[in-house]
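Proteins come first, then strands; the chains are lettered A, B, ... in the order of their sequence lines, and each starts at number 1.
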Amino acid sequence: GAADGVKDEL
Amino acid sequence: MNLFRLAGDMTHLVSVVVLLLKIHTIKSCAGVSLKTQELYALVFAARYLDLFVHFVSLYNTVMKLVFLASSFTIVWYMRRHKIVRRTYDKEHDTFRHHFIVLPCLVLGLLLNEKFTFREVMWAFSIYLEAVAILPQLVLLQRTRNIDNLTAQYVFFLGAYRVLYIFNWIYRYFTEPHFVHWISWIAGIVQTLLYGDFFYYYILSWKNNVKLELPA
């Protein structure tokens, strides 16, 4: 889901 | 990583290089808003708190370090460098940037993906980045002679935001679980702020005249 999506953007 | 994302990161990098080039080689920061630069330094400091906790990739780590170092370097140049700081147009860079930090922090506390310190700081940095360009746009409106490097800096920065939107559209269709509403909505707001600038930038480029923004 959204909440556990890895934040791989800068 | 898709092509839009890579192109977005590269235009972001180019914008920073253009700005550093102007400051370091010409020793001038005329037309550059210190307020915007300080906000960016804060944006990166808040967002990249996970730098040593959460490893994504070497690319990610290097880029984060570059954006952190460059933003603080630019602020240092504008505040401390004995030649550069004299070229700073303080009289026209009057946007009350402190007053947008608190609302963004409150918004980060209220609207986040998870109520943890890092997630709140992440959301805060996203909201702050969305409006961080405002002092720069206001300063451009008040600048009679916008030099090419300053205009190109803002252009590349705006291009980076546009490319990120294409990147999200691409990811939405290729990675079904990839949904970050906060960054999408804030990102769209941020991109819209460049609309006016883009219009006049393209117009000046087409007519081969110096860029000037109507007040």
Side-chain angles (χ1 to χ4, degrees), chain A, chain B residues 1-2 4-6 8-13 16 40 43-44 47-51 53-57 59-68 71 112-116 118-119 121-123 125-126 129 160-161 163-165 167-168 171-172 175-184 186-187:
Chain A
D4 18 82
V6 180
K7 294 191 168 67
D8 58 358
E9 290 182 348
L10 295 163
Chain B
M1 183 162 58
N2 65 72
F4 297 116
R5 160 76 195 281
L6 184 65
D9 286 348
M10 289 307 117
T11 42
H12 191 186
L13 196 61
V16 172
Y40 280 134
V43 162
F44 296 132
R47 189 175 309 162
Y48 301 156
L49 282 170
D50 66 345
L51 195 54
V53 186
H54 191 89
F55 182 79
V56 178
S57 64
Y59 171 84
N60 215 273
T61 302
V62 171
M63 292 295 271
K64 282 174 175 173
L65 288 172
V66 167
F67 288 130
L68 267 172
S71 62
N112 48 63
E113 291 188 352
K114 216 188 234 175
F115 195 71
T116 62
R118 256 169 46 208
E119 286 297 328
M121 292 312 272
W122 179 81
S125 82
I126 295 289
E129 187 190 353
Y160 140 64
R161 296 315 310 181
L163 286 161
Y164 253 60
I165 289 180
N167 152 58
W168 294 329
R171 292 188 83 165
Y172 181 79
E175 296 168 49
H177 298 293
F178 181 80
V179 179
H180 288 292
W181 290 116
I182 288 174
S183 42
W184 292 8

Quiz item: Near B:Phe55 CZ, under 6.0 Å, is it more than 12 heavy atoms from other residues, nucleotides or ligands?
Solution: yes
Self-check item: Part of B:His54 within contact of chain A (heavy atom distance under 4.5 Å)
Solution: side chain
Exercise. Pick one of side chain, backbone, both or neither for B:Asn112, based on which atoms fall under 4.5 Å of a heavy atom in chain A.
Key: neither
Practice problem: Step by step, work out the side chain to side chain contact (heavy atoms under 4.5 Å, CB included) result for B:Arg118 and A:Lys7. | Solution: CA-CA 12 Å; B:Arg118 256 169 46 208; A:Lys7 294 191 168 67; over 6 Å; no
Practice problem: Determine the sole option in B:Arg171, B:Arg47, B:His180 for which the side-chain hydrogen bond (donor to acceptor under 3.5 Å, both in side chains) test with A:Glu9 is passed. | Solution: B:Arg171
Self-check item: Donor-acceptor pair, side chain of B:Asn60 and main chain of A:Asp8, under 3.5 angstrom
Solution: yes
Practice problem: For the residue pair B:Lys64 and A:Leu10, establish whether any side-chain heavy-atom pair is separated by less than 4.5 Å. | Solution: yes
Quiz item: Between B:Tyr59, B:Trp122, B:Phe44, which residue shows the highest count of heavy-atom pairs closer than 4.5 Å to chain A?
Solution: B:Trp122
